Q: 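Let me give you the structure first, and then I'll get to my questions.
Whatever order the structure lists them in is the order used to number ligands and atoms, beginning at 1. These numbers come from a predicted model, not from an experiment. When a residue number appears, it is its place in the shown sequence, counting from 1.
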Amino acid sequence: MVVTVDQIREGGLSLDETLSESFLAHALAEVKDTGFRPDGPALLHVKLQKTASGVLLRGSTEVTVHTPCRRCLADVHLRVPVSFTLNLVSRAALADPKQAGADDDQSERAGSFDLERADEELFDGKSIDLDPLVREQVLLALPMHAVCREDCKGLCGSCGQNLNEGECGCARAQVDPRLAALKNIKLN
Ligand SMILES: [Zn+2]
Ligand SMILES: [Zn+2]
């Protein structure tokens with residue numbers, strides 16, 4: 001979705017947009033396959049406010065996704081809250097700071113605290129394509145991996161049995177590989 005800076009009035013612009021399941025599916029798999037898949041669409045809420053140098057963009061959504069458990073491969077469903085503040089800086093304002101200083105009162109209203117904390121992104125000063133920004137923020141919010149439960153026992157390395165469902169009876173080395181390495185150290 002593209003928003004033009006002209007659409008942003010004095011009090012800012014609030015928008016609700018549905019992130020379709022296919023939009024999310026692409027976001028999660030396009031550049032690099034994260035292993036996460038969306039469970040359905042999500043509702044994105046964004047607020048845009050003009051600042052001296054461009055636009056302050058605040059957004060929040062919650063995506064529900066599923067992914068195989070890292071240990072036992074069972075489907076894990078989880079909710080991922082996504083919340084971000086981006087300071088969109090116009091390339092023109094960056095090139096000419098004097099011009100940017102012309103409407104300082106607007107940056108006051110956007111909240112200087114937010115501006116200091118916000119990540120900066122450059123834009124053309126006229127229009128903002130929300131899609132790539134939102135995609136990136138969804139990716140940043142994902143955990144590195146997921147487990148079905150903290151004490152998931154995983155799969156047997158020999159027969160593939162899901163050890164959460166019971167022992168398979170295979171003889172498995174119970175020794176932690178780090179300890180095994182220690183055992184090989186020769187003591188004088
Ligand atoms: Zn598991
Ligand atoms: Zn087994």
Q: Does the T61 side chain pair with the main chain of A42, one donor and one acceptor, at a distance under 3.5 Å?
A: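 Between the backbone of A42 and the side chain of T61 there is no qualifying donor-acceptor contact (under 3.5 Å).
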
Q: Using the Zn ion (ligand 1) as the apex, give the angle to atoms SG (C152) and SG (C148), rounded to 10 degrees.
A: 100°

Q: Which angle, to the nearest 10 degrees, do you find at the Zn ion (ligand 2) between SG in C170 and SG in C159?
A: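 Rounding to the nearest 10 degrees gives 110°.
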
Q: Assess whether a salt bridge exists between R149 and D151, defined as any Lys/Arg side-chain N lying under 4.0 Å from an Asp/Glu carboxylate O.
A: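 Yes, this pair counts.
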
Q: Using side-chain hydrogen bond (donor to acceptor under 3.5 Å, both in side chains) as the criterion, list what pairs up with E62, not counting sequence neighbours.
A: R79

Q: What residues form a side-chain hydrogen bond (donor to acceptor under 3.5 Å, both in side chains) with D129, not counting sequence neighbours?
A: none

Q: Could you please compute the angle at the Zn ion (ligand 1) from SG of C72 to SG of C69, rounded to 10°?
A: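 Answer comes to 110°, rounded to 10°.
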
